[in-house]
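When reading the values below, keep in mind they use all heavy atoms of this one structure, side chains included, and skip hydrogens, waters and symmetry mates.
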Amino acid sequence: MSLSTRLFYVYRIVSRMYFHLSVLFVFFFMMDLPVWEIELLLAVYAVTLMVTSKLNAVMLAAMPHKYVIAIGELIKAAGLAALISSEHLSILILGQVLSGLGYSLAQGTDSSLLRTIVTDPESYKKAESGSSSYTFASFLLSGIIGSVIFNYSAEYAFWCSMCANAVAIIAVLLIKEPAHAKSPGSSAAAKPIETSTQKFWKLYYALTRAFAMATFVGFLPYYFFVSVKVNLNLFGLVLSLFTLLGFIAARFILKTGARYGYFKVAAISAILSACSLLLFGSSAHIAIGVAALAVLGLASGGVRPLAVSNLNLGNLAPADRTAILSSMERYFGFANALLLIIGGAALQWIGFQWLMLASAVIYVILLAGSYRKHVAHSTTPAAAEQTQ
């Protein structure tokens with residue numbers, strides 16, 4: 001493994017140390033904000049992802065990947081600073097916008113950077129899966145530590161995340177990236193042609209991750225902290241089950257896919273995602289909730305490496321490659337925002353359990369429709385073979 005690849009691992013691991021994320025809902029809740037307003041604040045982040053998803057591709061026409069990522073990390077830190085600077089709603093919205101913008105610049109761009117420094121397809125898949133799995137470990141530990149630190153001071157959890165942003169910036173800037181040059185065929189205005197297979201994997205990623213993250217970030221904190229009243233010392237530990245099982249899934253998802261078929265593995269993860277939502281909706285008992293959380297983590301943990309590795313972006317120019325990855329994040333941002341906004345209202349109207357049952361049904365319908373559309377448009381022999 002080259003030095004640049006090792007530095008990429010460091011960047012990706014440290015950049016996902018979100019000490020504040022497991023307690024973000026609680027942070028807003030302790031400001032006495034109504035639940036629907038908290039969900040709207042969380043949705044602002046997702047909307048920002050959707051609106052700014054093409055910006056990194058535009059910036060890549062003028063500068064190397066690592067500078068775009070570093071700028072994104074700096075903006076993420078500015079957003080966190082805004083969140084702890086004031087309880088005024090406009091400042092909180094600004095903080096969420098900056099956090100979303102920073103993540104939008106870095107996410108997708110980092111996968112494109114990895115593709116640039118690791119050109120061999122199999123080595124890239126291994127590095128993508130390996131680094132993604134380690135991010136779950138860092139996410140897990142930082143979430144547990146963040147919930148403990150939050151007991152002493154809410155601001156400390158945010159400061160720890162900002163320190164992680166600083167280390168991530170240093171790591172990514174030390175990466176030796178190949179000479180930056182705009183490809184003759186790539187343009188911010190030119191939209192790369194996508195196959196039906198690429199469209200399926202983008203929708204699979206967006207839907208599965210949106211339902212998982214909206215549940216994890218927006219609805220489960222309400223369930224565990226407000227309804228079940230889990231002690232804050234245990235709050236991060238309980239939520240870490242999601243990350244722990246996600247870590248395991250991300251470590252083995254590509255090996256499992258190579259052996260049994262990527263579409264089969266995607267189908268299993270989709271079924272598990274739906275089952276976890278059904279479990280949440282079937283009982284209010286905390287043991288069932290913890291089990292459902294573990295299943296949700298296992299189902300969604302390998303979604304990103306599985307989807308990114310099957311997009312087949314190796315032969316595209318960096319700007320086009322990043323454009324496709326960014327559009328995938330745009331789909332995710334739209335779905336996530338919609339779920340948080342509608343779910344935030346439904347949470348107080350129909351309750352947590354009915355919301356989870358409705359989410360399971362909607363998720364299955366949307367993903368099944370996406371797969372059916374993919375099969376209908378797979379006209380080439382290679383594409384048809386890939387659906388088997």
Verify same cluster id: [X], [Y] (apolar side-chain graph, 4.5 Å):
X: Leu173; Y: Ile175; answer: yes
X: Ile91; Y: Leu42; answer: no
X: Met162; Y: Tyr103; answer: yes
X: Tyr222; Y: Ile341; answer: no
X: Leu277; Y: Leu338; answer: no

Hydrogens and angles aside, do [X] and [Y] bring a side-chain donor and acceptor to less than 3.5 Å of each other?
X: Thr208; Y: Tyr363; value: yes
X: Ser161; Y: His20; value: yes
X: Tyr204; Y: Ser269; value: yes
X: Ser90; Y: His88; value: yes

Lys/Arg-Asp/Glu bridge criterion (N-O < 4.0 Å) met for Glu329, Arg304: yes

Distance flag, aromatic centroids of Phe25 and Phe219, threshold under 6.0 Å: no

I'd like to know whether the aromatic ring centres of Phe280 and Trp354 sit less than 6.0 Å apart in this structure. no

Donor-acceptor contact present, side-chain [X] to main-chain [Y], <3.5 Å:
X: Ser327; Y: Arg330; answer: no
X: Ser99; Y: Gln96; answer: no
X: Thr116; Y: Ser112; answer: yes
X: Lys229; Y: Val226; answer: yes
X: Thr48; Y: Gly100; answer: no
X: Ser309; Y: Leu306; answer: no

Taking the side chain as every heavy atom from C-beta outward, state whether Leu55 and Ser104 have any atom pair closer than 4.5 Å. no

Verify ring-ring contact (aromatic ring centres under 6.0 Å, His included) between Phe263 and Phe200, making sure each step is shown before the conclusion. CA-CA 10 Å; Phe263 277 93; Phe200 166 77; 5.1 Å; yes

When rounded to the nearest 0.5 angstrom, what is the spacing between [atom1] in [X] and [atom2] in [Y]?
X: Glu73; Y: Leu105; atom1: CD; atom2: CG; result: 10.0 Å
X: Asn165; Y: Trp159; atom1: CG; atom2: CH2; result: 11.5 Å
X: Ser147; Y: Leu21; atom1: OG; atom2: CG; result: 12.0 Å
X: Ser138; Y: Arg12; atom1: OG; atom2: CZ; result: 10.5 Å
X: Leu92; Y: Leu40; atom1: CG; atom2: CG; result: 12.5 Å
X: Leu114; Y: Ser4; atom1: CG; atom2: OG; result: 11.0 Å

Looking at Ile69, Val118, Ile117, Val172, which hits side-chain contact (heavy atoms from CB on, under 4.5 Å) with Phe8? Ile117

Plane angle bin for Phe27 and Phe150 - parallel if under 30°, tilted between 30 and 60°, otherwise perpendicular: perpendicular

Relative to the ring of Phe216, is the ring of Phe242 parallel (under 30°), tilted (30 to 60°) or perpendicular (over 60°)? parallel

Measure across Ala337 and Ala46 and return the closest heavy-atom pair with its distance rounded to 0.1 Å. N-CB, 3.5 Å

Which pairs count as salt bridge (Lys or Arg N to Asp or Glu O under 4.0 Å) when at least one residue sits in residues 18-47, sequence neighbours excluded? none

Got a sec: does the CZ of Phe334 have more than 12 other heavy atoms crowding it under 6.0 Å? no

Neighbour count >12 (heavy atoms, 6.0 Å) for atom CE, Met31: yes

Arg16 charged N/C atom sitting above Phe139 aromatic ring, 6.0 Å / 45°: no

I would like to know whether Met63 and Val68 meet side-chain contact (heavy atoms from CB on, under 4.5 Å); could you show each step before the answer? CA-CA 7 Å; Met63 64 181 73; Val68 176; 3.5 Å; yes

